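A short worksheet on the structure shown next.
Being a predicted model, the structure only gives us computed values, none of them experimental. Counting convention: from 1, in listed order, for ligands and their atoms alike.
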Amino acid sequence: MSTTMPGSDTMPFPPNSVYIAGEWISSPDLERLPVLNPASEEVIGSIVDASPAEVEAAFAAARAALPTWSATAPGERADVLDRLADAFREHGEELAVLASREIGMPIKESRAGQADLPERVLRSTADIARNFPWEARDASGTTVIREPVGVVLGITPWNFPVHQIVAKLAPALAAGCTIVLKPAELTPLNGLFVAALCERIGVPSGVVNVLTGRGATTGEALVQSGQYDLVSFTGSLAVGRHIGAVAGDRVVRATLELGGKSPAVVLDDADVEAAVRATVRNCFTNAGQKCNAPTRLIVPEARREEAVSIAASAAAAYVLGDPLDENSTMGPLASAEQREKVLSCVEGARARGARVAGGGAVDGVNRGYFVRPAIITDVEPDDPVVQEEIFGPVLVVLGHEGEDDAVRLANDTPYGLSAEVWSGNPARAADLARRIHAGQVRVNGVRTPALPISPFGGYKASGLGRELGPFGLEEYVEVKAVLGDPSDSIPSKEEPQCVL
Ligand code: NAP
Ligand code: MG
């Protein structure tokens with residue numbers, strides 16, 4: 001099952017194929033799309049732009065596999081997730097290298113986020129599934145049954161490609177759903193790699209199907225097909241809005257994980273240097289292409305200059321280079337389009353009078369979509385660089401006049417995905433966390449727990465629904481209440497039966 005790809009890669013799947021009903025399918029009639037390495041601009045592979053015929057076939061396969069898969073015992077499905085986790089462990093380095101080559105993520109970040117994290121998500125979802133209340137009696141005597149929602153459509157972006165796929169695949173499989181996945185056009189090989197691992201560990205045919213292609217063609221055909229019972233989308237606000245509208249029209253559930261413009265709020269009693277350094281690190285992971293990156297640093301106005309200078313020197317210390325070089329701390333942006341977007345956001349702010357440290361091209365580098373990290377200050381709170389998601393290595397520093405003002409600024413964007421709060425007083429930090437409108441709040445730079453089960457998702461325009469852990473799994477189940485104890489006698493005709 002090993003095949004040579006353009007660029008001399010060895011991939012565990014045949015080139016220019018999609019995975020439907022346990023088969024690798026290719027057709028010379030389908031348009032080929034190149035896959036580039038954004039650090040070198042070299043072609044590392046190619047994919048097909050799947051057509052409505054493949055869309056139809058993939059949903060037919062998922063629908064056909066549903067009765068048998070949904071009838072398996074939850075423990076059996078959890079065992080499948082554990083076997084998939086074992087395969088992720090075995091092939092972790094290949095997945096990490098591929099992620100670095102597809103999006104330019106530094107290899108250490110790829111190992112942590114695209115191999116180790118998905119493996120932990122698979123194992124933790126398996127454990128949750130083994131202990132989930134699939135069938136439980138409530139206080140009224142009613143039996144509440146959680147059933148798989150059905151066929152799932154999963155559409156994912158490129159920035160954390162493997163993690164975003166697994167955050168949908170794991171709960172779908174655990175719940176007894178079947179799934180059709182469309183990975184992003186920039187990072188499709190990772191999605192096909194995951195399909196190959198599913199095949200290798202014996203996930204039954206049709207349970208997992210992976211189609212490649214453009215969002216506007218394959219993605220749109222998938223969304224418009226109406227063949228799914230849940231669409232789980234991660235990506236931009238614009239596309240999420242569109243998918244949510246289509247789903248709403250069909251009264252189909254949509255889980256939307258969209259963008260962010262997350263604040264890091266530093267109070268006057270915090271260790272400013274530690275807070276700024278941690279915020280820079282967190283903001284510039286994956287060159288800032290992270291939906292929950294803290295991109296607005298909100299510090300006491302009296303400490304703003306100091307914060308800008310610490311942030312600027314931390315930003316200048318980044319080593320931009322080949323993502324596969326262990327010494328690189330920042331890779332390129334994922335595409336030429338992304339690079340142009342980021343550069344124009346920074347230039348726009350500068351033209352409106354903002355002060356910018358860093359930013360722009362990297363001296364002496366004329367290949368790859370590299371952009372030097374930028375620190376921006378002297379901007380109005382309603383400036384586009386403060387309000388809009390940039391998705392690049394750009395940190396904006398704002399000053400606040402006290403805690404209430406800081407909260408006002410923190411909540412003053414359309415988004416609410418995540419936030420960070422910093423205070424020397426734990427009770428004050430906890431109080432501040434409650435005042436911020438976001439799905440996740442980190443206190444004093446706490447690291448992500450090793451067990452990836454905390455709910456992840458957004459308030460406001462950052463989305464609908466949650467991923468990971470028990471809340472993530474709930475999105476993939478339909479709830480049925482069965483009223484009446486089977487051991488009870490049939491009520492007599494005179495008894496009132498219908499009050500609700
Ligand atoms: P995007 O353009 O919305 O694309 C996301 C996915 O949707 C891709 O697979 C894309 O295909 C597909 N797509 C595009 N148009 C479509 C359509 N009309 N119908 C169906 N599918 C369509 O987002 P992106 O540029 O890849 O990713 C960056 C965005 O994702 C940022 O805004 C970021 O904040 C957000 N994000 C959010 C989270 C979260 O969990 N909240 C996580 C990561 C990223 P193509 O790749 O072919 O365009
Ligand atoms: Mg896109």
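- Residue Gly213 places a heavy atom less than 4.0 Å from ligand 1.
- Of the N or O atoms in Trp158, one or more lie within a sub-3.5 Å distance of an N or O in ligand 1.
- A donor-acceptor contact shorter than 3.5 Å is absent between the side chain of Lys168 and the backbone of Thr156.
- Using a 4.0 Å cut-off to heavy atoms of Thr234, the atoms of ligand 1 that qualify are 5 (C), 37 (C), 38 (C), 39 (C), 40 (O), 42 (C), 43 (C).
- Those atoms of ligand 1 with a heavy atom of Pro157 less than 4.0 angstrom away are 26 (O), 27 (O), 43 (C), 44 (C).
- Taken to the nearest 0.5 Å, the CZ atom of Phe160 stands 12.5 Å off from the OG1 atom of Thr234.
- Across Pro38 and Ala334, no two heavy atoms sit closer than the pair CB-O, 3.4 Å.
- Considering backbone and side-chain atoms alike, Arg214 places every N or O at 3.5 Å or more from each N or O of ligand 1.
- Which parts of ligand 1 touch Val223 is read off a 4.0 Å heavy-atom cut-off, strictly below it: atoms 20 (C).
- Under the salt bridge (Lys or Arg N to Asp or Glu O under 4.0 Å) criterion, no residue pair touches residues 179-192, with sequence neighbours excluded.
- Counting heavy atoms only, Phe391 comes closest to atom 28 (C) of ligand 1 of the residues Tyr415, Phe160, Phe391, Phe233.
- Taking distance alone, with nitrogen or oxygen atoms compared against 3.5 Å, Asn159 stays at or beyond that limit from ligand 1.
- The distance criterion of under 3.5 Å between nitrogen or oxygen atoms is met by Gly235 with respect to ligand 1.
- A salt bridge is defined here as a Lys NZ or Arg NE, NH1 or NH2 lying under 4.0 Å from an Asp or Glu carboxylate O, and Glu93 with Arg111 meets this definition.
- Within a 6.0 Å radius of CZ in Arg352, other residues, nucleotides and ligands contribute more than 12 heavy atoms.
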Run Arg408 and His400 through side chain to side chain donor-acceptor pair (under 3.5 Å) and show every step you take.
CA-CA 9 Å; Arg408 185 186 59 77; His400 70 76; over 6 Å; no

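- Those atoms of ligand 1 that come under 4.0 Å of a heavy atom in Phe456, given as number and element, are 40 (O).
- Of the N or O atoms in Val239, none lie within a sub-3.5 Å distance of an N or O in ligand 1.
- In terms of polar-atom proximity, His242 is not counted as a contact of ligand 1, lacking any N or O under 3.5 Å from an N or O of the ligand.
- A salt bridge between Arg253 and Glu478 is present, with a side-chain N of the basic residue lying under 4.0 Å from a carboxylate O of the acidic one.
- Among Cys291, Gly439, Ser236, Ser462, the residue whose heavy atom lies nearest to atom 1 (P) of ligand 1 is Ser236.
- Residue-level proximity to ligand 1 for Glu389 is carried by the side chain, the only part with a heavy atom below 4.0 angstrom.
- Taking every non-hydrogen atom of Gly219 and a distance limit under 4.0 Å, the qualifying atoms of ligand 1 come out as 19 (N), 20 (C), 21 (N).
- Remark: ligand 1 atoms within the under-4.0 Å shell around heavy atoms of Glu185 are 45 (P), 46 (O), 47 (O).
- Using a 4.0 Å cut-off between heavy atoms, Thr218 makes no contact with ligand 1 at all.
- The nearest non-hydrogen atom to atom 22 (C) of ligand 1, considering only Ser335, Ala184, Pro188, Gly215, comes from Gly215.
- Here's the thing with Leu258: one of its N/O atoms is less than 3.5 angstrom from an N/O atom of ligand 1.
- Using a 4.0 Å cut-off to heavy atoms of Gln164, the atoms of ligand 1 that qualify are 42 (C), 43 (C), 44 (C).
- In summary, Asp116 and Arg120 engage in a salt bridge, as defined by a charged side-chain N under 4.0 Å from a carboxylate O.
- Within the model, atoms OG of Ser110 and CG of Leu117 stand 12.0 Å from one another, a figure rounded to the nearest 0.5 Å.
- Within the structure, salt bridge (Lys or Arg N to Asp or Glu O under 4.0 Å) pairs that include any residue of residues 45-65 comprise Asp49-Arg214, Arg63-Asp229 (at least two apart or interchain).
- Cation-pi contact between Arg146 and Phe132: present, with separation from the ring centre below 6.0 Å and deviation from the ring axis of at most 45°.
- Judged by distance alone, with hydrogens and angles left aside, the side-chain atoms of Glu475 form no donor-acceptor pair with the main-chain N or O of Thr255 at under 3.5 Å.
- Interface atoms of ligand 1 facing Ile155, defined by a heavy-atom separation under 4.0 Å, are 6 (C), 7 (O), 9 (O), 12 (C), 20 (C), 21 (N).
- Remark: ligand 1 and Lys182 share an N or O pair separated by less than 3.5 Å (distance only, no angle test).
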